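Contents: one structure, followed by commentary.
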Amino acid sequence: MTIQSSVERKYRKSPRAPLLPQAQSQNHDNLEAHEAGIDGASFSGAVFNLSTTIVGAGIMALPATVKELGLIPGLIMIVLVGWLTESSIDMIMRFSRASKSATYSGVVADAFGGAGRTLLHVCIVVNNLGMLVVYMIIIGDVLSGAWLNGVHHSGVTEEWFGQHWWTTRFTLLLLTTLFVFLPLISFRRVDSLRYTSALSVGLAIVFVVITAGVAIVKTIDGSISMPFHPIENELKDPTQIKSIVRTSITLCSTVYIATSFFGLLLFGDRTLDDVLANFDGDLGIPYSSLLDDVVRVSYGIHLMLVFPIVFFSLRLNLDGLLFPYAIPIAFDNRRFFAVTAALMGFIFVGANFVPSIWDAFQFTGATAAVSVGFIFPAAIALRDTHGIATKNDRLASWLMISLAVSSSTVAVSSDIYSIFNGVGG
């Protein structure tokens with residue numbers, strides 16, 4: 001009996017976080033592939049779904065981050081994290097083959113048993129839940145406006161139509177939930193979202209192109225100067241996975257670097273923590289108001305289309321955590337809609353009625369996110385239950401863990417200081 005039989009099959013047919021295709025002659029593998037939306041998925045669909053998840057909302061904080069680090073060190077860090085991300089995914093894929101596991105959680109279970117699997121599920125649920133609440137908050141900011149550092153930044157509907165009951169945050173987010181989120185999160189196959197993912201990536205690129213174009217025009221006319229300031233079983237052909245990962249990370253790294261560089265170039269010392277808030281005033285060029293609206297609307301729609309991809313993973317992992325012995329959730333209508341409704345209700349309430357929830361998710365993001373992305377893959381490689389880890393794997397793993405722990409410590413300490421400093425003030 002293989003390790004997969006003794007550990008992974010103790011649980012339900014492991015449809016969480018799919019990695020590799022299994023022999024289609026086995027019925028439980030067909031169920032798993034169907035639930036995850038992986039049977040017959042295309043190269044382009046996998047690239048867009050992965051890229052959509054990577055880009056997310058954090059891109060808006062990059063210009064401010066680079067402003068604090070300095071231009072060159074900031075861009076170097078983006079490249080370094082991109083390389084570590086590719087190394088992390090590559091290690092997960094190789095150990096998934098060695099353990100004959102079809103899922104990320106299966107690989108973790110192979111190395112650390114059921115307790116490791118459960119801890120991974122918890123981290124993914126906490127991380128994704130926090131991400132989706134933050135996405136909804138940002139979408140509300142884009143549509144209805146927000147206060148940042150004591151300054152009110154108008155939302156697009158407020159600018160277009162003025163202040164009415166139907167331009168309030170609650171109403172706009174309710175309409176977005178009913179007519180955008182609910183139809184998209186009702187899909188049971190992640191590959192069904194490949195077209196919305198492609199549109200989402202395109203809209204993120206629109207933001208980069210406009211930011212770069214405005215920055216270049218203003219640099220040429222002399223009004224600003226250069227700143228120098230301190231998814232494998234998704235596929236018909238599973239051998240394409242390395243190309244998918246590299247294509248996605250290259251695309252996303254390009255978007256990250258361009259956003260960081262041109263955002264900082266355009267706004268300089270005026271760059272806000274959320275650079276999107278900078279796009280509510282005069283950019284100093286013709287059609288400034290129109291470009292402001294295009295940037296904010298395109299990015300708001302981008303987040304709406306990222307939402308269902310992250311939600312898909314959240315639902316599968318929460319279901320795996322709560323119902324490890326049940327049939328796959330895609331084949332149980334009652335459980336599918338109950339879990340979906342419960343999660344969507346929590347996210348909506350959290351984004352609208354819990355002011356302190358942002359503070360809570362700052363902590364979870366600084367811990368759960370780095371655990372899922374770097375600490376678990378590194379720990380799997382260092383555990384090396386199949387004896388396949390190379391010297392480079394071990395070096396990269398120790399680098400991942402040290403960077404993850406140090407960055408998390410700094411982030412959590414900074415959050416604690418900010419909270420208590422704010423209370424004291």
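These figures come from a predicted structure and were not determined experimentally. Throughout, residue positions are numbered sequentially from 1 according to the sequence presented.
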Practice problem: Output yes when a side-chain donor or acceptor of Ser397 lies under 3.5 Å from a complementary backbone atom of Leu382, and no otherwise. | Solution: no

Quiz item: How long is the span from the CG atom in Leu305 to the OG atom in Ser197, to the nearest 0.5 Å?
Solution: 8.0 Å

Exercise. Report the C-alpha distance between Thr176 and Leu143 in whole Å, list the side-chain angles of each, state the deciding distance to 0.1 Å, and finish with yes or no for side-chain contact (heavy atoms from CB on, under 4.5 Å).
Key: CA-CA 10 Å; Thr176 301; Leu143 296 178; 4.0 Å; yes

Self-check item: pair Met344-Phe311: side-chain heavy atoms closer than 4.5 Å
Solution: yes

Self-check item: Side-chain donor or acceptor of Arg315 paired with backbone N/O of Ile185 under 3.5 Å
Solution: yes

Quiz item: Can you list the steps and then say if Glu159 with Asp293 is a side-chain contact (heavy atoms from CB on, under 4.5 Å)?
Solution: CA-CA 10 Å; Glu159 291 181 356; Asp293 290 345; 3.6 Å; yes

Exercise. Assess the pair Phe279 and Tyr299: is the distance between their ring centroids shorter than 6.0 Å?
Key: no

Exercise. Taking Ser413 for its side chain and Val410 for its backbone only, find out whether a donor-acceptor pair lies under 3.5 Å.
Key: no

Quiz prompt | Sidechain-backbone polar pair: Asp110 side chain, Ser99 backbone, donor-acceptor under 3.5 Å | solution = no

Practice problem: For the pair Arg296 (side chain) and Leu276 (backbone), establish whether a donor and an acceptor sit closer than 3.5 Å, ignoring hydrogens and angles. | Solution: no

Quiz item: OG of Ser407 to CZ of Phe374: how many Å apart, nearest 0.5 Å?
Solution: 8.5 Å

Exercise. Compare every heavy atom of Ile249 with every heavy atom of Ile89, then report the nearest pair and how far apart it is.
Key: CD1-CD1, 4.5 Å

Exercise. Verify, without hydrogens or angle tests, whether His302 (side chain) and Ser200 (backbone) share a donor-acceptor contact under 3.5 angstrom.
Key: yes

Quiz prompt | Val108 side chain reached by Ile380 side chain, heavy atoms, under 4.5 Å | solution = yes

Quiz prompt | Minimum-distance pair of heavy atoms, taken over all atoms of Pro63 and Thr271 | solution = CB-CG2, 3.7 Å

Self-check item: Leu314 side chain reached by Val310 side chain, heavy atoms, under 4.5 Å
Solution: no

Quiz item: So, the side chain of Ser402 versus the backbone of Leu399: is there a donor-acceptor pair under 3.5 Å, distance only?
Solution: yes

Exercise. Would you name the heavy atoms of Glu158 and Ser144 that are closest together and state the gap between them?
Key: OE1-O, 3.4 Å

Self-check item: Heavy-atom neighbours of Trp165 CH2 exceed 12 at 6.0 Å
Solution: no

Quiz item: Within the side chain of Asn127, is there an N or O that forms a donor-acceptor pair under 3.5 Å with the backbone of Cys123?
Solution: no

Self-check item: Leu175 side chain reached by Val180 side chain, heavy atoms, under 4.5 Å
Solution: no

Could you give the side-chain donor-acceptor pairs of residues 72-82 under 3.5 Å, partners two or more places apart or in another chain?
none

Exercise. Side-chain contact test, heavy atoms from C-beta onward, threshold under 4.5 Å: evaluate it for Tyr104 versus Pro377 and give yes or no.
Key: yes

Quiz item: Would you say the side chain of Pro324 lies within less than 4.5 Å of the side chain of Arg117, judging by non-hydrogen atoms?
Solution: no

Practice problem: Hey, could you give me the OG1/CG distance between Thr211 and Leu264, rounded to the nearest 0.5 Å? | Solution: 12.0 Å

Quiz item: Phe187 and Phe336: which non-hydrogen atoms are nearest, and at how many Å?
Solution: O-CZ, 4.1 Å

Quiz item: Strictly under 6.0 Å, is that where the ring centroids of Phe181 and Phe307 end up?
Solution: yes

Quiz prompt | Heavy-atom closest contact (Lys67 atom, Gly268 atom, distance) | solution = CD-O, 3.6 Å

Self-check item: Audit row: Ile347, Tyr135, side-chain contact (heavy atoms from CB on, under 4.5 Å) steps and yes/no
Solution: CA-CA 10 Å; Ile347 293 167; Tyr135 285 2; over 6 Å; no

Quiz item: Can you name the residues that form a side-chain contact (heavy atoms from CB on, under 4.5 Å) with Ser186, not counting sequence neighbours?
Solution: none

Quiz item: Taking atom types as modelled and ignoring hydrogens, do the side chains of Thr171 and Thr168 form a donor-acceptor contact shorter than 3.5 angstrom?
Solution: yes

Self-check item: Geometric cation-pi criterion Arg335 and Phe323, 6.0 Å radius, 45° cone
Solution: yes

Exercise. Grab the two heavy atoms, one from Ile210 and one from Val294, that are nearest each other, plus how far apart they are.
Key: CD1-CG1, 3.4 Å

Exercise. State whether a side-chain donor-acceptor pair under 3.5 Å links Ser154 with Asp280.
Key: no

Quiz item: Only one of Asp141, Ile139, Thr157 forms a side-chain contact (heavy atoms from CB on, under 4.5 Å) with Arg169, so which one is it?
Solution: Asp141

Quiz item: Do Leu403 and Leu84 touch side chain to side chain, with heavy atoms closer than 4.5 Å?
Solution: yes

Practice problem: Answer yes or no: is there a donor N or O on one side and an acceptor on the other, between the side chain of Asn278 and the main chain of Leu272, under 3.5 Å? | Solution: yes

Practice problem: Hey, could you give me the CG/OG1 distance between Leu265 and Thr219, rounded to the nearest 0.5 Å? | Solution: 4.0 Å

Quiz prompt | Main-chain N/O of Gly213 paired with Lys218 side-chain donor or acceptor, under 3.5 Å | solution = no

Exercise. Run the salt-bridge test on Asp393 and Arg94 with the 4.0 Å N-O cut-off and return the result as yes or no.
Key: yes

Self-check item: Distance in Å, Thr118 OG1 paired with Phe112 CZ, rounded so as to fall on 0.5 Å steps
Solution: 14.0 Å

Quiz item: CZ/Phe348 to CG/Leu343 distance, rounded to the nearest 0.5 angstrom?
Solution: 15.0 Å

Quiz item: Hey, mind stepping through Ser313 and Asn317 against side-chain contact (heavy atoms from CB on, under 4.5 Å) and telling me if it holds?
Solution: CA-CA 6 Å; Ser313 172; Asn317 280 277; 3.3 Å; yes

